[in-house]
Protein chains: 2
Amino acid sequence: MTNPDNVVRALGALAQEHRLAVFRLLVQEGAQGMAAGDLAARIGVPPSSMSFHLAQLANAGLVTQRRQSRSIIYTADFTAMNALMGYLTDNCCGGADCGIEAAACCATDEEARGAA
Amino acid sequence: MTNPDNVVRALGALAQEHRLAVFRLLVQEGAQGMAAGDLAARIGVPPSSMSFHLAQLANAGLVTQRRQSRSIIYTADFTAMNALMGYLTDNCCGGADCGIEAAACCATDEEARGAA
DNA sequence: TCCATATTTCAGTATTTATCGAAATATGGA
DNA sequence: TCCATATTTCGATAAATACTGAAATATGGA
């Protein structure tokens, strides 16, 4: 996530009403995640549209997916999210002491997927 | 910056190679900021293109501008940037204790503009 | 006033993106 | 195997965005 292309792709993925809502929902769900169909119902878009949006988020590395029986569960990738925010604030104010903090949100993605 | 529309606009503004580079440059410049023409030269795009991109960033509230003689100096709006990041991580993991930190980067915008 | 510098607006074109119904694919269970 | 559920892919259309040269606007100084 440390190269401009990936960051642009991630920001572009989030720069859309429905995808932003999906991502925030997944961030709030945490490691549990949510199935594609549930997301479609919750956000209020047809399954095919949700699939399109989820593909963009996944392509951008912002969400991961796992199959659970017939459903595909999507989970926010917190590591990617933190890297994204770190990129935006990188070397803030030329490195002067200005109180910047690298946001560390939630568990790492490996933990979120229950890799334990 | 706390409503989805504004956030989408801000993310869309950053989701473009040149604008992302401009914003990061301004973040690194801090309160000093940089003139539109200098930005165009530094990024390597024609002045008219830079103007287009700066307008998008300004419209999204990510940068502010001030005139200094014949030049227009652009400065990153750190307050907006922090609000943006806060929006993405809002209620992370359902509010469970997961180590989330609201990133506080650099000075507030008022301070950055030298309102003292 | 006149000129040089700095930036923005305009116009036209090419590219990308969002949308969603219908059809295709994949899984689980009887 | 056959059916129901869950998701994705396809196809076509509408809308938004990026790009940049030329012209317009604004400022500062002689």
Side-chain angles (χ1 to χ4, degrees), chain A residues 4-26 29 32-76 113, chain B residues 4-26 29 32-76 113:
Chain A
D5 254 30
N6 289 343
V7 173
V8 166
R9 197 175 306 123
L11 290 166
L14 293 173
Q16 204 278 337
E17 178 191 356
H18 298 319
R19 288 196 296 266
L20 179 60
V22 165
F23 184 72
R24 273 178 31 109
L25 199 46
L26 291 179
E29 285 297 308
Q32 181 181 346
M34 195 177 286
D38 291 345
L39 285 166
R42 181 74 168 271
I43 302 296
V45 300
S48 65
S49 295
M50 181 51 63
S51 190
F52 169 79
H53 290 308
L54 287 171
Q56 307 249 336
L57 288 169
N59 177 258
L62 289 168
V63 302
T64 56
Q65 46 197 309
R66 66 179 196 273
R67 177 173 283 278
Q68 187 175 84
S69 182
R70 273 178 281 200
S71 297
I72 309 238
I73 310 292
Y74 284 85
T75 309
R113 268 183 291 187
Chain B
D5 255 29
N6 289 343
V7 173
V8 165
R9 197 175 306 122
L11 289 166
L14 293 173
Q16 204 278 336
E17 179 191 356
H18 299 319
R19 289 196 296 266
L20 179 60
V22 166
F23 184 72
R24 272 175 34 104
L25 198 45
L26 290 179
E29 285 297 308
Q32 182 181 344
M34 196 177 287
D38 292 345
L39 285 167
R42 181 74 169 271
I43 302 295
V45 300
S48 63
S49 295
M50 182 51 65
S51 191
F52 169 78
H53 290 308
L54 288 171
Q56 306 248 337
L57 288 169
N59 176 258
L62 289 168
V63 302
T64 56
Q65 46 198 307
R66 66 179 195 273
R67 176 174 285 276
Q68 186 175 85
S69 182
R70 274 178 279 200
S71 296
I72 309 237
I73 311 291
Y74 283 85
T75 310
R113 268 184 290 187

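Chain letters run A, B, ... following the sequence lines, proteins first and then strands; every chain starts at 1.
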* To do: Can you measure from CG (B:Leu57) to OG1 (B:Thr64) and round to the nearest 0.5 angstrom?
  => 11.5 Å
* So, do A:His53 and A:Val22 sit near enough that their side-chain heavy atoms are less than 4.5 Å apart? -> no
* Can you tell me if B:Arg67 uses its side chain to pair, donor with acceptor, with the backbone of B:Ser69 under 3.5 Å? -> yes
* For A:Val45 and A:Gln68, take the nucleotide of DNA chain C holding the closest heavy atom to each; which residue's nucleotide lies nearer the 5' end? -> A:Val45
* To do: With a 3.5 angstrom cut-off on both distances, give the Watson-Crick or G-U wobble partner of D:dC10, or none if there isn't one.
  => C:dG21
* Asked: Within less than 4.0 Å of OP1 or OP2 of D:dC19, is there a side-chain N or O belonging to B:Gln16?
  -> yes
* So what does B:Ala40 touch, heavy atoms closer than 4.0 Å: a base, only the sugar-phosphate, or nothing? -> nothing
* Report yes if a side-chain nitrogen or oxygen of A:Ser49 is closer than 4.0 Å to either non-bridging phosphate oxygen (OP1 or OP2) of C:dC20; otherwise report no. => yes
* **Sugar-phosphate only, base, or nothing, as touched by B:Pro47 at under 4.0 Å among non-hydrogen atoms** => base
* Whole-Å distance separating the CD1 atom of B:Ile72 from the P atom of C:dT9 -> 10 Å
* Structure fact -> From CD1 of B:Ile43 across to P of D:dT20 the rounded distance in Å is 13 Å
* Give a yes/no answer on whether the side chain of A:Arg19 brings an N or O atom under 4.0 Å of OP1 or OP2 in C:dA18. => yes
* Structure fact -> Distance col, row A:Ser71:OG vs A:Asp38:CG, nearest 0.5 angstrom, shows 7.0 Å
* Flag the pair B:Gln16 / B:Gln56 as yes when at least one side-chain heavy-atom distance between them is below 4.5 Å, and no otherwise. => no
* Structure fact -> D:dA18 -> Watson-Crick or G-U wobble partner, both distances under 3.5 Å, gives C:dT13
* A:Phe52 CZ to D:dA14 C1', straight-line distance once rounded to whole Å -> 13 Å
* Asked: Within the pair B:Gln56 and D:dA18, is there a side-chain N or O less than 4.0 Å away from OP1 or OP2?
  -> yes
* Structure fact -> To the nearest angstrom, the CE-C1' distance between A:Met50 and D:dT8 comes to 13 Å
* To do: Could you point out which residue of B:Val63, B:Ile73, B:Thr75 forms a side-chain contact (heavy atoms from CB on, under 4.5 Å) with B:Leu26?
  => B:Val63
* Asked: Does a side-chain N or O from B:Ser69 land closer than 4.0 Å to OP1 or OP2 of C:dA6, or not?
  -> no
* Asked: Do any side-chain nitrogens or oxygens of A:Tyr74 fall under 4.0 Å of OP1 or OP2 in D:dT8?
  -> yes
* Asked: With distance as the sole criterion, do the side chain of A:Arg70 and the base of D:dA4 form a donor-acceptor contact below 3.5 Å?
  -> yes
* **Between D:dA16 (C1') and B:Leu11 (CG): distance, integer Å** => 17 Å
* Quickly work out the A:Leu39 CG to D:dT7 C1' distance and round it to whole Å. => 12 Å
* Asked: OP1 or OP2 of C:dT17 sitting under 4.0 Å from any side-chain N/O of A:His53?
  -> no
* Asked: Separation of A:Asn59 atom CG from C:dT17 atom C1', in whole Å?
  -> 14 Å
* Counting only side-chain N and O atoms of B:Ser71, is one of them less than 4.0 Å from OP1 or OP2 of C:dT7? -> yes
* To do: Using both distances under 3.5 Å as the test, list the Watson-Crick or G-U wobble partner of C:dA30, or none.
  => D:dT1
* **Residue met sooner reading DNA chain C from 5', once B:Gly37 and A:His18 are mapped to nucleotides** => B:Gly37
* Asked: For B:Ser51 and C:dT8, is the shortest distance between a side-chain N/O and OP1 or OP2 below 4.0 Å?
  -> yes
* To do: Report the distance from atom CG of A:Leu57 to atom P of D:dT7, rounded to the nearest whole Å.
  => 16 Å
